[in-house]
Amino acid sequence: MTSMIAAMAANIAMAASAPQLHLLSPGGINGISFRLAEDKVAEEAGLRYDVTYKGRPVVTDSRAGLDLDNRVWEMALGMRSLPQYDCWMEAFTVDSVSPVTSNSGEWTPLYGERSKVADNYNAATIYLSKKDNSDYRLNVEARAYDEGVAFRYFLPEHPKAVFHKVTADLTEYTFPEGVMAWSEQWAQAPFERLAIDSIAHPVERALTIEYPDGYWAAITDADVDDWCLTKLDRNPRRANTLSSVMYSPVDVVTYYATPWKVIITADTPGGLLENNDIILNLNPPCEIADAAQWVRPGTIMRETTISTEGAIATIDFCAEHNIPYMLFDWKWYEPCTSHDGDARIVVDKLDMPRVVAYGKEKGVGIWVYVNQHALQKQMREIFPMLHRWGIVGVKSGFVQYASHRWATWLHDMVRLAAENHLLINIHDEFRPSGFSRTYPNLLTQEGIHGNEEWPDATHNVTLPFTRMINGAADYTICYYDRRLRNTHAHQLAASLVMYSPLQTILWYDTPSRSHGEPELAWFEGLKTVWDESHVLDGYPGKGITMARRNGDEWWIGAMTNNDGDTRSIDLSFLEPDTKYVAETYTDDPTVDTATKVRCGKWLVSASDKMQFNLSPRGGAAIHLRPALPSDAKKTKKYNGKTL
């Protein structure tokens with residue numbers, strides 16, 4: 001059967017005018033094709049592609065390619081008689097299509113949503129060139145996974161060293177009629193559910209697409225450390241079509257590969273999130289040889305007073321509640337949002353050496369916020385300095401990231417941090433595309449309309465099926481603050497659903513706001529990296545139930561929207577013939593605490609289905625561990641009661 005599928009994947013059809021590339025994934029689930037079209041209408045000519053999922057259309061006959069403006073360099077190098085085309089993609093011909101190659105294997109990430117990542121795909125390349133004495137060539141490399149497809153443009157080395165200025169990404173995405181998209185205009189924006197032709201402004205990736213026949217796709221990218229921000233916008237010339245919009249030109253010296261364009265597919269919206277390892281697979285392996293010795297995920301709490309006394313109290317709180325990191329956010333140096341700020345000088349009310357030493361004694365590592373102004377001016381000086389101080393991580397704030405210049409600067413910042421054994425959390429608009437596989441000291445990033453902006457529950461249950469497909473997000477879980485729009489059980493569940501190896505909890509809170517609420521046990525035991533992650537059910541804007549495993553224990557988060565709902569959680573994923581203790585955290589207005597969270601404990605097994613009545617803006621959190629012999633005597637067996 002495998003050889004038959006491989007033979008299907010190797011189907012490279014010969015058209016009358018040029019070879020075509022037809023590629024199927026190892027299981028025959030996803031397909032991608034490229035051809036060179038000869039059409040009298042300019043927009044329909046040139047390189048075209050399409051994508052299928054289980055034989056159904058995902059992207060139909062769409063434009064592909066790049067536009068370049070190399071005229072000045074051509075002239076400077078004496079190539080003055082070359083024809084100048086309206087578009088660089090004109091005059092290409094297909095030279096050949098490579099034989100299909102296959103990759104089958106798995107790798108072990110330093111951390112992630114899964115402890116083993118399968119990397120199985122079929123690949124092929126279509127080779128194009130111009131016969132006009134320009135020596136221009138273009139390769140399109142394609143991969144087909146059972147989780148989705150990916151392709152990128154590769155510019156071979158030019159024999160005359162022509163400098164390449166990429167001015168436009170011509171890739172378009174034409175969809176079947178009736179699809180709907182969950183779109184947002186910037187990385188920290190709310191979402192709109194829109195028809196493709198109703199999109200009025202460029203939108204972010206991942207862009208989640210629902211097809212009228214009941215399947216799903218997400219448009220995103222991977223390996224973008226040397227490119228600019230690219231968004232998607234409605235094409236005014238063609239219905240149901242999105243065009244790529246580059247923030248800035250990109251200057252390259254060949255040979256050079258663009259980022260991967262990724263289209264993830266699934267039967268359900270939760271399947272998109274489960275398939276997002278394709279993004280990691282399309283990035284280079286880890287380049288930090290000793291990463292396992294010092295890159296350690298965990299939870300983190302912010303210290304808000306920026307004082308020695310406040311820091312000592314917060315470190316004590318973190319140590320008591322198993323929180324391994326504490327953050328000094330802005331204002332530990334002044335002025336922190338100006339080039340006149342000096343990140344070498346700590347404000348007078350904070351004794352940094354004493355705090356760092358006390359944190360080390362208590363097992364709590366200290367992070368500091370550094371604004372781009374200081375990073376741009378002092379990064380090469382302060383990173384070694386912070387490492388000498390004993391600081392373990394830097395949260396970079398208000399960084400530029402969209403243009404080619406700032407994108408390369410930002411990724412070089414992560415590399416420099418790695419040289420100095422510093423962990424990184426990037427704020428604000430930056431979104432991940434798998435770079436943490438290569439530099440895992442980049443634990444997380446914001447790029448999300450998170451808790452500090454007080455989103456409602458409907459927004460929160462949209463995020464897992466949209467933004468979270470990209471990878472880790474620093475959602476900044478708030479808990480005690482009165483500005484919260486959602487219940488406390490909803491917040492507990494969010495800390496499980498919103499994956500982040502560095503999980504910020506108690507964002508706006510101080511130790512004095514806590515009064516020993518019993519549900520703090522959830523945060524105390526919460527892991528931030530996982531062996532397995534599964535979406536048990538859910539739909540954008542309605543709700544989600546997610547289960548994650550670390551070792552032999554499971555954590556489940558159930559979140560609902562503004563309206564509330566009932567939820568049945570099937571525990572059949574548990575080990576059979578094993579009893580578990582389920583510690584449950586649910587909303588209950590009769591509980592005599594300010595947070596109104598009821599804590600329960602039940603004996604359950606894989607045959608149980610737990611029932612929950614989730615209040616509007618509510619949720620439920622469940623921690624399951626294998627039962628000890630003593631648990632059977634003191635723990636009630638779950639009897640189907642609605643919690």
Side-chain angles (χ1 to χ4, degrees), residues 187-188 294-306 310-311 314-315 318 323-338 341 343-344 346-347 350 352 355-356 359 364-379 382-383 385-387 389-401 406 409-418 420-432 435-436 439-448 450-453 471-478 498 500-509 528:
Q188 297 180 84
W294 59 275
V295 176
R296 293 186 175 87
T299 54
I300 186 169
M301 180 179 179
R302 179 173 65 153
E303 201 290 300
T304 60
T305 68
I306 316 296
T314 303
I315 288 171
C318 289
I323 301 170
Y325 293 122
M326 187 191 80
L327 166 71
F328 287 118
D329 212 65
W330 72 329
K331 295 187 177 181
W332 66 270
Y333 69 94
E334 293 279 21
C336 57
T337 57
S338 168
R344 299 170 302 177
V346 182
V347 294
L350 177 59
M352 187 69 80
V355 169
V356 172
V364 178
I366 307 302
W367 286 61
V368 294
Y369 170 99
V370 184
N371 193 276
Q372 169 149 350
H373 297 82
L375 290 170
Q376 183 181 351
K377 184 176 70 172
Q378 300 177 303
M379 182 168 64
I382 64 174
F383 278 10
M385 179 196 74
L386 293 174
H387 179 63
W389 286 3
I391 300 298
V392 299
V394 171
K395 174 183 170 182
S396 59
F398 292 105
V399 291
Q400 298 288 338
Y401 73 103
W406 287 114
W409 178 89
L410 185 63
H411 289 88
D412 285 344
M413 177 194 74
V414 177
R415 294 183 178 96
L416 182 64
N420 292 278
H421 281 201
L422 290 172
L423 305 172
I424 289 289
N425 174 7
I426 299 175
H427 278 227
D428 294 78
E429 281 283 289
F430 174 80
R431 279 213 168 152
F435 191 66
S436 289
Y439 281 87
N441 64 312
L442 174 57
L443 284 178
T444 194
Q445 50 274 302
E446 190 175 15
I448 190 170
N451 220 166
E452 67 179 0
E453 299 181 81
D474 190 13
Y475 178 80
T476 56
I477 301 292
C478 302
M498 309 300 184
S500 183
L502 182 73
Q503 184 67 266
T504 302
I505 57 176
L506 306 170
W507 172 246
Y508 281 117
D509 298 317
T528 64

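The structure displayed is predicted, hence computed values, not measured ones. Index from 1, following the sequence.
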message: I need the Y475 OH to E446 CD distance, nearest 0.5 Å.
response: 11.5 Å
task: Measure across V364 and I323 and return the closest heavy-atom pair with its distance rounded to 0.1 Å.
output: CG2-O, 3.9 Å
task: Please step through side chain to side chain contact (heavy atoms under 4.5 Å, CB included) for the pair W406 and Q372, ending with a clear verdict.
output: CA-CA 11 Å; W406 287 114; Q372 169 149 350; 3.0 Å; yes
query: What pair of heavy atoms forms the shortest contact from P324 to G298, and how long is it?
result: CG-CA, 3.9 Å
message: Would you call the rings of F430 and H411 parallel, tilted or perpendicular, taking 30° and 60° as the class edges?
response: perpendicular
From R344 atom CZ to W389 atom CH2, the distance as rounded to the nearest 0.5 Å: 10.0 Å
- prompt: Is the closest side-chain heavy-atom distance between W332 and V346 below 4.5 Å?
  reply: yes
- line: In terms of heavy-atom contacts, P297 and T528 come closest through CB-OG1, 3.5 Å
task: Give the minimum heavy-atom separation between I424 and A417, together with the two atoms involved.
output: CG1-CB, 3.6 Å
- request: Nearest 0.5 Å please: distance from the CG atom of L416 over to the CD1 atom of I382.
  value: 9.5 Å
query: Judged by atom type as modelled, is there a donor-acceptor pair below 3.5 Å linking the side chain of Q445 to the main-chain atoms of A472?
result: yes
query: Where do Y325 and R296 land on the side chain to side chain contact (heavy atoms under 4.5 Å, CB included) test, with the steps shown first?
result: CA-CA 10 Å; Y325 293 122; R296 293 186 175 87; 3.7 Å; yes
- line: Closest heavy-atom pair, Q188 versus I448, reported as atoms and distance to 0.1 Å, is CG-O, 3.5 Å
- prompt: For G341, does its backbone N or O pair with a side-chain atom of K377 as donor and acceptor, under 3.5 Å?
  reply: yes
field: Heavy-atom check, side chain of E303 versus side chain of V355, under 4.5 Å
entry: no
- prompt: Can you list the steps and then say if R302 with T504 is a side chain to side chain contact (heavy atoms under 4.5 Å, CB included)?
  reply: CA-CA 8 Å; R302 179 173 65 153; T504 302; 5.8 Å; no
query: Side chains of I391 and V356: closer than 4.5 Å at any heavy-atom pair?
result: yes
field: Straight-line distance of M498 CE to D474 CG, nearest 0.5 Å
entry: 12.0 Å
message: How long is the straight-line distance from OG1 of T444 back to NE2 of H427, given to the nearest 0.5 Å?
response: 7.0 Å
query: Heavy-atom distance under 4.5 Å between the side chains of V368 and Y333, does that happen here?
result: no
query: Under 4.5 Å between any side-chain heavy atoms of T314 and T305, yes or no?
result: no
statement: In D329, L386, L327, the residue satisfying side-chain contact (heavy atoms from CB on, under 4.5 Å) with W367 is L327
query: If you draw a 6.0 Å radius around CH2 in W409, do more than 12 non-hydrogen atoms from other residues or ligands fall strictly inside?
result: yes
field: Atom of M413, atom of S396 and distance for their closest heavy-atom approach
entry: CE-OG, 3.6 Å
task: Measure the NZ-CG distance between K395 and L502 for me, rounded to the nearest 0.5 Å.
output: 10.0 Å
- request: Walk me through it: do L422 and N441 pass the test side chain to side chain contact (heavy atoms under 4.5 Å, CB included)?
  value: CA-CA 7 Å; L422 290 172; N441 64 312; 5.8 Å; no
task: State whether the side chain of E452 and the backbone N or O of T476 hold a donor-acceptor pair below 3.5 Å, judged by distance alone.
output: no
